[in-house]
> 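Can you keep this structure in mind? I'll have questions shortly.
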Amino acid sequence: MEHIKLSFEKSLNFVSKEEIFKFKEESQKHLTALQKGTGKGNDYVGWVDLPSQITEEELNDIEATALSLKDKVEVLVVIGIGGSYLGAKAVNDALAHSFDQLNIGNENPLVLYAGQNISEDYLFELMDILKDLEFGICVISKSGTTTEPAIAFRLLKELLEENVGKEEARERIIAITDASKGALRTLAVQEGYKTFVIPDDVGGRFSVLTPVGLLPIAVAGHDIKELVKGAKSMQEYSIATAFEENPALLYAAARNALYAKGKGIEILANYNPKLHNVAEWWKQLYGESEGKENKGIFPASVDFTSDLHSMGQYIQEGQRNIFETVISIAKPNHTVIIPEDKDNLDGLNFLAGRRIDAVNKMAELGTQLAHVDGGVPNLRIEMPQLNEFYLGELLYFFEIACGVSGYILDVNPFDQPGVEAYKSNMFALLEKPGFEEETKKIKEKL
Ligand SMILES: O=P(O)(O)OC[C@H]1O[C@](O)(CO)[C@@H](O)[C@@H]1O
């Protein structure tokens, strides 16, 4: 069986193999700590064995709920922010037809997202299209108190109730939240919504393999059992494989070795725009997990070859504090051949008869060599194919590597104390009851 592969050869001009392998014992020790729950933040490591723990009944329940929604709605709005939507969006966009929004021949509901911003125009326009559509809502919040999704839910719930009545709205709203605590749990019980639980020991950014990710993915028509199977395959592979061949441990070790050499920015690059939102998910995973105590690699991302015509200049010749991690898909899902043209005005006949992917792969190789020559170390993750199984492998690979990498950095990868600062200022500025002192102080700064 093929797995996700990690290669670091194109980094060896900048960091030696010994400097990467120096992390061998430490990374293995951290992997064990994650499995045994003995490291920092160990009350949030429930995600480590989610793929092997999730039961057939749980998956069937999610699929049955998705099916019943599919009968009723043409659009499902997923309301959530951060880890409460990024995993679902990453997988749905990676697996969907690129022009899914046109809804041609798609028998599954279109999944839209809200509650990730506080833009009045976004919410207006969303409600404007929803008022004439059969829609449902999947509201996701672990804490149940996050402002952005709470505002969006208040508006869309009212709209849905107006459109179809309270009784029918109840049938079309699914709440995914804490098992017992929080405003959303209280509301769901009060209103009698179907609910799913986000386990206590799984934080938002590690929750894609709970109903948080799985329900919206199932509604979009993707095979969640294959996704979980892929994640389980990477879980087992990560445990069973020696450091020298272990993609997650090698990734954690290589990025820390590069960080120690002053490479403080990691750019995740893809050559397939379907992976754009996998990078968005990855940025939260690594940014919230590692960026603390004045430490951490800054996670950035680019879509190639598009961004070679914008960010490519900086990557080639800007400050040399970056390294690049390329996700490459070995085999595309479709075949397109470049045609012969009798006039050949564009001079492209030398490519006639070849696949588009052959050109894309040479763009990838050419870019990698150019960037390495320009002083940017490259790591490369190869996915055999873009499908549910290998996406499951990729997500779990990034999660487990993130836990190990955070432990190498000696931070708690499972908390995010820094995100409170903006919330507290916003509440103070909005004069939220209970924030009187903060309001007084912040007004003095204005
Ligand atoms: O699911 P919740 O509690 O609404 O939180 C959403 C997001 O907000 C954070 O707590 C802080 O940004 C993230 O860690 C989380 O993914």
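Bear in mind the structure is a predicted one, so any value in this text is a computation, not a measurement. Numbering of ligands and ligand atoms starts at 1, following listing order.
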> Give a yes or no on this: more than 12 heavy atoms of other residues, nucleotides or ligands lie within 6.0 Å of atom CZ of Phe21.
yes
> May I ask you to list the atoms of ligand 1 that are less than 4.0 angstrom from any heavy atom of Gly82?
16 (O)
> Using modelled atom types and a 3.5 Å cut-off, is there a donor and acceptor pairing between side-chain atoms of Arg172 and backbone atoms of Phe135?
yes
> For residues 437-446, pull every pair meeting side chain to side chain donor-acceptor pair (under 3.5 Å), keeping only residues two or more places apart or in separate chains.
Glu431-Lys443
> Looking only at protein heavy atoms, identify the closest one to atom 10 (O) of ligand 1 and say how far it is in Å.
Gln416 NE2, 4.3 Å
> Taking atom NZ as the centre, does Lys36 end up with more than 12 heavy-atom neighbours from other residues, nucleotides or ligands that are less than 6.0 angstrom away?
no
> Regarding atom 16 (O) of ligand 1: of the candidates Gly182, Gly83, Ser84, which has the closest heavy atom?
Gly83
> Should Lys423 be counted as touching ligand 1, given the test is an N or O pair under 3.5 Å?
no
> Within the 4.5 Å heavy-atom criterion, are Phe304 and Asn272 side-chain neighbours or not?
no
> Using a strict cut-off of 4.0 Å, indicate which atoms of ligand 1 neighbour a heavy atom of Gln284.
13 (C), 14 (O), 15 (C), 16 (O)
> Taking only heavy atoms of Thr146 into account, list the atoms of ligand 1 that are under 4.0 Å away from them.
2 (P), 3 (O), 4 (O), 5 (O)
> Report the nearest protein non-hydrogen atom to atom 12 (O) of ligand 1: residue, atom name, distance rounded to 0.1 Å.
Glu288 OE2, 3.1 Å
> Should you measure from each heavy atom of Ile81, which atoms of ligand 1 turn up under 4.0 Å away?
6 (C), 7 (C), 16 (O)
> What are the atoms of ligand 1, with element, lying closer than 4.0 Å to any heavy atom of Ser143?
2 (P), 3 (O), 4 (O)
> I'd like to check the salt bridge (charged side-chain N to carboxylate O under 4.0 Å, His left out) partners of Asp303; sequence neighbours left out, ordered by chain and number.
none
> Would the Phe206 and Phe414 ring centres measure less than 6.0 Å apart?
yes
